[in-house]
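Inspection log for the structure reproduced underneath, given as structure tokens.
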Amino acid sequence: MTSTNSSTKFFRMLKTVFCRNAVLATVFQILTAVFAFYISSPYLSRALFGEARETDTVFVADWMYLCYGHLCIAFGFLFAAVLFRELYGKRASDFLFSMPVKRSVYFNANVFFGLINFVISFSVSAGIVYAAYSSSESFDFAYFIKIMAVLLLCVSAVFLVFAFCAAASGKLWHYLLLAFIITVIITLGALSAAIYINNSVWGLRFKVGYAWSVAPFGLFYRGMTGRAQFLPARAILLFIQAAAAYAAGLAVFKRRKAETAEDKVSGKAVPAVFIIICILSEILFCLCLSEIGFSLRIAVAAAVSLVTAVVLSAVFYRKVLGKGAVCGLGTALLVSAVFIGAVEFVLPEKYSTVVPKPEEVKSAVVYSNGTSGITSIQKELYSSFSVDIPKILFDRPPSVYNLFEGNGEDTQYAYTFAQEDSKEKLFALHSRLASEELRKKACQKDHYENGYNSLKIEYELKNGKKITRFFSWGSDDAFSEYAALLKTEEGLNRI
């Protein structure tokens, strides 16, 4: 009986939410439907006559993911602000919490309003695209549906994050600030951390693309089409983020006090977490500014952190430096100190100075790409500027996937070395690349003015282990060692 009553109350509340926000829902459905038709229209004439091309699938999916997705996220941001608008006024908030309805029912009704609107919009939009291309055998509608399903999950996850921010806010501008921190600032912090690692640990290349995965908005902004192999993993990650955002929003809304309206952000833990995220992201951003000295970066990060703690304390706690802000500042500084220690002292010992000896190596594959000066290689290989290098040296080897970002293919060259002579030359090259001299040069602004070369070295050791190192250096550095490696029998066979 209790379960039946709860379900009845929920559907009544959901009906009330739809009635109160019918205009907003209608505008959203019309705009997204028109937008879907507009995206399909450039290819509509070809599709009607059965002349659609295979590339149309990618074009339509790209536009739907980026443009249509941005429109849906903008409305998701608006939905959260409108659905929880009673929380920003004392009278409306008091009336809301005095109603004989569980808070979970109210929260779930608002959330389902947004999710149902997204499902309807995506279904209509997919139907429009299908109607445009149903007569074409070249249009891969199954692939398009997979992209749209991931996009729907992504938009829903972002909306649930916005709902969490709205449920925790005491004022409308609190909601704007929290949404900005949890979408933009946290993503910027993750990207800064990846860049700082790559700038500081010579020989290690962390894929910056992974940093976008820290938040649903980052996953959306990163894009999806052209990466079909990542669809299942991204869907799982988005589902986890959506579930976490929903659980956090429901927990905050249940514990929210009526006096939070027009005053401050709900609770003590939520403001502290946002302060930690904001300060930590700012510190990481300062650390990745490799153009200035390390000590100056630390000084700037400390000053910015203190100012941010004071400002956010005044916003969230209405105190100059409340207890929660002090805890948040201390936690952010502690995490930063541990992270900096690991990057500056621990990781270099495991990556920068470790060079496998020839007798330890079973085989190695060297991938190369970049804009190194042709004449430099030519001089080292042929001792003449008049001899042309064989064209194959500058051709892309078959099926070499992008080494550094995993976002597609790039112009690269692959060499496999297993002979003792080759391994000796590779040891010399790696030792030169791992030297302190080249590491310091790589941090200089003008180091890459005349071009660069990037190497990825994959070792397969005799003990079964695998070691991977990445290096980027200026055109004329380490070229004698590089050319010596290419002059080996295996290198010349590849050329």
Problem - From CD1 (I145) to CZ (F122), nearest 0.5 Å - result: 11.0 Å

Handout entry: Beyond-backbone contact of N108 with Y246, side-chain heavy atoms, under 4.5 angstrom
Key = yes

Handout entry: Residue pairs, two or more places apart or on separate chains, that pass salt bridge (charged side-chain N to carboxylate O under 4.0 Å, His left out) and touch residues 415-425
Key = E420-K423, D421-K425

Practice task
Could you pull out the closest heavy-atom pair between G249 and A167, with the gap in Å?
Solution key: O-CB, 4.0 Å

Practice task
Kindly give the heavy-atom pair with the smallest separation between L87 and A166, and that separation in Å.
Solution key: CD1-O, 3.7 Å

Handout entry: ring pair (Phe, Tyr, Trp, His ring centres under 6.0 Å) contacts in which one or both residues fall within residues 283-331, not counting sequence neighbours
Key = none

Problem - L151 CG to I147 CD1 distance, which is reported to the nearest 0.5 Å - result: 9.0 Å

Practice task
List for me each residue that meets salt bridge (Lys or Arg N to Asp or Glu O under 4.0 Å) alongside E360, sequence neighbours excluded, and say none if there are none.
Solution key: none

Practice task
Indicate the atoms forming the closest heavy-atom contact of P356 with V354, along with that distance.
Solution key: CD-O, 4.0 Å

Fill in the blank from the handout: Residue set satisfying side-chain hydrogen bond (donor to acceptor under 3.5 Å, both in side chains) with R432, at least two apart, ordered chain then number -> E437

Exercise for the section: Mind checking side-chain hydrogen bond (donor to acceptor under 3.5 Å, both in side chains) for E460 and listing every partner two or more places apart, or none if nothing turns up? Expected result: none

Practice task
Take F274 and L312, measure what side-chain contact (heavy atoms from CB on, under 4.5 Å) needs, and give me the verdict at the end.
Solution key: CA-CA 9 Å; F274 276 90; L312 293 184; over 6 Å; no

Handout entry: Closest approach of A364 to Y459 (non-hydrogen atoms, all atoms of both residues)
Key = CB-CD2, 3.9 Å

Practice task
Taking side-chain hydrogen bond (donor to acceptor under 3.5 Å, both in side chains) as the test, write out the residues that go with Q419, two or more places apart.
Solution key: none

Problem - Backbone of G203 reached by a side-chain donor or acceptor of R469 within 3.5 Å - result: no

Handout entry: Derivation of the side-chain contact (heavy atoms from CB on, under 4.5 Å) call for S422 and E489
Key = CA-CA 8 Å; S422 301; E489 181 181 351; over 6 Å; no

Exercise for the section: With sequence neighbours excluded, give me every side chain to side chain donor-acceptor pair (under 3.5 Å) pair touching residues 274-284. Expected result: E282-T308

Handout entry: Flag side-chain contact, heavy atom, 4.5 Å: L237 against Q241
Key = yes

Problem - Between CD1 on residue I186 and CG on residue L191, distance to nearest 0.5 Å - result: 11.0 Å

Exercise for the section: List the steps, then state whether side-chain contact (heavy atoms from CB on, under 4.5 Å) holds for S192 with L287. Expected result: CA-CA 8 Å; S192 299; L287 290 173; over 6 Å; no

Problem - Greater than 12 external heavy atoms within 6.0 Å of K462's NZ - result: yes

Problem - Side-chain donor or acceptor of W202 paired with backbone N/O of F470 under 3.5 Å - result: no

Exercise for the section: Go through the side-chain N and O atoms of T468 and E458 and say whether any donor and acceptor fall under 3.5 Å apart. Expected result: no

Exercise for the section: Look at the rings of F107 and F84 and say which category their plane angle falls in: under 30° parallel, 30 to 60° tilted, over 60° perpendicular. Expected result: tilted

Problem - Residue from F118, F164, F112 passing ring-ring contact (aromatic ring centres under 6.0 Å, His included) with F159 - result: F118

Exercise for the section: May I have all residue pairs that pass ring pair (Phe, Tyr, Trp, His ring centres under 6.0 Å) and include part of residues 321-350, sequence neighbours excluded? Expected result: Y196-F339

Problem - For R255, side-chain hydrogen bond (donor to acceptor under 3.5 Å, both in side chains) partners two or more places apart - result: none

Atom pairs and distances, donor-acceptor, side-chain atoms in residues 67-79, under 3.5 Å, two or more places apart:
{"residue": "Y68", "atom": "OH", "partner": "S121", "partner atom": "O", "Å": "3.3"}
{"residue": "Y68", "atom": "OH", "partner": "S121", "partner atom": "OG", "Å": "2.5"}
{"residue": "Y68", "atom": "OH", "partner": "S125", "partner atom": "OG", "Å": "3.2"}
{"residue": "H70", "atom": "ND1", "partner": "L66", "partner atom": "O", "Å": "2.4"}

Exercise for the section: Could you list the residues that satisfy salt bridge (Lys or Arg N to Asp or Glu O under 4.0 Å) with K268, not counting sequence neighbours? Expected result: none

Practice task
Using the side-chain contact (heavy atoms from CB on, under 4.5 Å) rule, take L329 and I275 through it: C-alpha gap first, then chi angles, then the decisive distance, then the call.
Solution key: CA-CA 7 Å; L329 175 61; I275 290 174; 5.5 Å; no

Practice task
Report yes or no: does T488 contribute a side-chain atom to a donor-acceptor pair with the main-chain N or O of L485 at less than 3.5 Å?
Solution key: yes

Exercise for the section: Please check if the side chain of R103 supplies one atom and the backbone of R256 the other of a donor-acceptor pair under 3.5 Å. Expected result: yes

Exercise for the section: Quick one: pull up OG in S431 and CG in L438 and give me the separation to the nearest 0.5 Å. Expected result: 11.5 Å

Handout entry: K171 NZ/CZ over Y88 ring centroid, <6.0 Å and within 45° of normal
Key = no

Handout entry: Side-chain touch V366/K456, heavy atoms, less than 4.5 angstrom
Key = no

Handout entry: Shortest non-hydrogen contact between K319 and S313, atoms and distance
Key = O-OG, 2.9 Å

Exercise for the section: Could you pull out all residues at least two apart from A168 that satisfy side chain to side chain contact (heavy atoms under 4.5 Å, CB included)? Expected result: L178, V252, V265, V270

Completion exercise
In short, L204 meets N198 closest at the heavy-atom pair O-OD1, 3.7 Å

